[in-house]
Amino acid sequence: MHSKEQISHDEYQKTSDWLMSHTKHRPIVAIICGSGLGMLADTLKCQDSFDYSDIPGFPQSTVQGHAGRLVFGELKGKSCVCMQGRFHMYEGHSLLKTTFPIRVFKLMGVETLIVTNAAGSLADGLRPGDIMIIKDHINFPGLVGLNPLCGPNDEKFGPRFPAMSGCYDKGLRSLVMELAKQMGVSSLVQEGVYAMVGGPNFETIAEAKLLHRLGVDAVGMSTAPEVVVATHCGLRVFGLSLITNKVRQQSQILIVNNHNSYFSALFHKSVTNKECSNLRNG
Ligand SMILES: O=P(O)(O)O[C@@H]1C[C@H](O)[C@@H](CO)O1
Ligand SMILES: Nc1nc2[nH]cnc2c(=O)[nH]1
């Protein structure tokens, strides 16, 4: 844990000011694209994009499938900013660094955060290619003190002891369920509980059984710290997991040798609802 690390309000402000002076967009929605989901940003109109390496103060993404680019643009007439690539604890980033963009977005005037991720399923009804709307999370690193809010509290962002119950906005969740019905894809979409583990290794069989018994529907290695920081500073949060695999609860070997194309293929299947049986392992 990097308990001595601090990022001052001025540092977040500096990055926010730099971005605001380099784009005409004034986003009210921020979207974090999980593994294999970076193409969401390609749907934005009138784009301004910046490599993370060019943005003062921004961490660098090191994961395959995470482009490391911030894209501003319009989605259905709304000004948005999209992270093509996020920062994970397992990359060696401190939790303050992994969540750095969230406070920058807040200072830029963002009101709603949409988080997405790739996750493994523990629920019988959640199959690869399905989408899980996150209704709640279990933040395993947070439960043992690996929390970006540890250290001095910056009251300008939020209170010392923020509530996390209801951190995934109920209104947005209902809206998306309704939209899924209207689009005829409701059989692919359901609500569930996401658990964040530290990674980077996938679960042992015993760990998978434990998570299942605890009521976890999907497990991944991101998202919870971002949601904690977003909720602390008053952002409205919506989250979804793209289910990429079933988490093994009994002995069987699964070999995934192309992380990126695996996620992209599953995303494509989710969107098109085409059969992709060679990728199903559950
Ligand atoms: O950024 P996300 O959470 O989508 O990254 C995925 C899930 C795990 O963090 C990691 C390994 O699958 O990639
Ligand atoms: N921890 C974890 N993260 C994932 N991300 C995608 N699939 C998985 C999984 O099975 N376990």
Side-chain angles (χ1 to χ4, degrees), residues 30-41 52 59-70 82-93 95 97-102 113-123 126-132 134 137-142 146 192-212 214 216-228 237 239-250 252-267 269-270 279-282:
I31 304 171
I32 303 181
C33 303
S35 289
L37 296 163
M39 77 286 273
L40 290 175
Y52 292 164
Q60 306 305 308
S61 185
T62 66
V63 185
Q64 197 189 359
H66 290 247
R69 203 177 305 118
L70 197 60
C82 253
M83 284 178 71
Q84 273 186 323
R86 63 147 58 82
F87 312 111
H88 304 84
M89 201 172 86
Y90 64 73
E91 294 175 74
H93 295 298
L95 287 168
K97 281 279 182 197
T98 65
T99 56
F100 180 84
I102 310 296
L113 176 70
I114 299 176
V115 283
T116 67
N117 58 55
S121 159
L122 293 135
L126 269 176
R127 301 191 307 168
D130 287 352
I131 286 172
M132 186 186 84
I134 306 174
H137 73 219
I138 299 175
N139 180 6
F140 280 106
L146 287 169
V193 173
Y194 173 86
M196 179 201 176
V197 295
N201 61 280
F202 292 110
E203 289 64 42
T204 64
I205 290 164
E207 287 163 349
K209 282 183 182 161
L210 173 73
L211 292 171
H212 182 65
L214 290 176
V216 171
D217 296 302
V219 59
M221 306 173 195
S222 67
T223 303
E226 296 152 357
V227 172
V228 165
V237 174
L240 56 83
S241 297
L242 169 64
I243 302 302
T244 52
N245 59 287
K246 282 267 190 196
V247 182
R248 288 279 158 220
Q249 292 177 53
Q250 42 191 296
Q252 247 173 306
I253 295 168
L254 165 69
I255 299 168
V256 175
N257 57 13
N258 189 337
H259 178 270
N260 197 22
S261 63
Y262 178 64
F263 288 146
S264 296
L266 282 165
F267 179 69
K269 180 203 167 271
S270 260
L279 289 167
R280 281 190 191 276
N281 60 336

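Both counts, for ligands and for their atoms, begin at 1 and track the order of listing.
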Exercise. So is Gly199 close enough to ligand 2, meaning a heavy atom under 4.0 angstrom away?
Worked result: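 No; Gly199 lies far enough from ligand 2 that no heavy-atom distance drops under 4.0 Å.
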For this session: Evaluate the criterion side-chain contact (heavy atoms from CB on, under 4.5 Å) for residue pair Glu203 and Val219; output intermediate values, then yes/no.
Result: CA-CA 9 Å; Glu203 289 64 42; Val219 59; 3.8 Å; yes
Seminar exercise, completed: A student checking ligand 2 against Ala119 at a 4.0 Å heavy-atom cut-off should list atoms 5 (N), 6 (C), 7 (N)
Problem set entry | Close-contact set for ligand 2 against Met221 heavy atoms, below 4.0 Å |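 Heavy-atom distances to Met221 below 4.0 Å select 1 (N), 2 (C), 3 (N).
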Problem set entry | Donor-acceptor pair between Ser222 and Asn117 side chains, under 3.5 angstrom | no
Backbone, side chain, both or neither: what part of [X] comes under 4.0 angstrom of ligand 2, heavy atoms only?
X: Asn245; result: side chain
X: Val219; result: both
X: Ser35; result: neither

Exercise. Which option out of Ala119, Ser35, Cys33 puts a heavy atom nearest to atom 4 (O) of ligand 1?
Worked result: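 Residue with the shortest heavy-atom distance to the ligand atom: Ser35.
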Backbone or side chain, does any N or O of [X] fall under 3.5 Å from an N or O of ligand 1?
X: Asn117; result: no
X: His88; result: yes
X: Tyr194; result: no
X: Ala118; result: yes

Exercise. Which ligand 1 atoms are under 4.0 Å away from a heavy-atom of Ser222?
Worked result: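 Every atom of ligand 1 under 4.0 Å from some heavy atom of Ser222: 1 (O), 2 (P), 3 (O).
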Exercise. By number and element, which atoms of ligand 1 are closer than 4.0 Å to a non-hydrogen atom of Arg86?
Worked result: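 This gives 1 (O), 2 (P), 3 (O), 4 (O) as the contact atoms.
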Exercise. Would a line drawn from the ring center of Tyr52 to the ring center of Phe100 be shorter than 6.0 Å?
Worked result: no
For this session: Determine whether the aromatic ring centres of Tyr194 and His137 lie less than 6.0 Å apart.
Result: no
Exercise. Is Ile131 close to Ile243 at the side-chain level, that is, under 4.5 Å between some pair of heavy atoms?
Worked result: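 Result no, sub-4.5 Å side-chain heavy-atom pair not found.
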Problem set entry | Check: Asp217 side chain, Val193 main-chain N or O, donor-acceptor pair, under 3.5 Å | yes
Exercise. Is there a donor-acceptor pair under 3.5 Å between the side chain of His93 and the backbone N or O of Gln60?
Worked result: yes
Exercise. Ligand 2 and Gly120, any nitrogen or oxygen pair closer than 3.5 angstrom?
Worked result: yes
Exercise. Under the side-chain contact (heavy atoms from CB on, under 4.5 Å) criterion, do Ile102 and Leu113 qualify, and how do the steps go?
Worked result: CA-CA 8 Å; Ile102 310 296; Leu113 176 70; 3.9 Å; yes
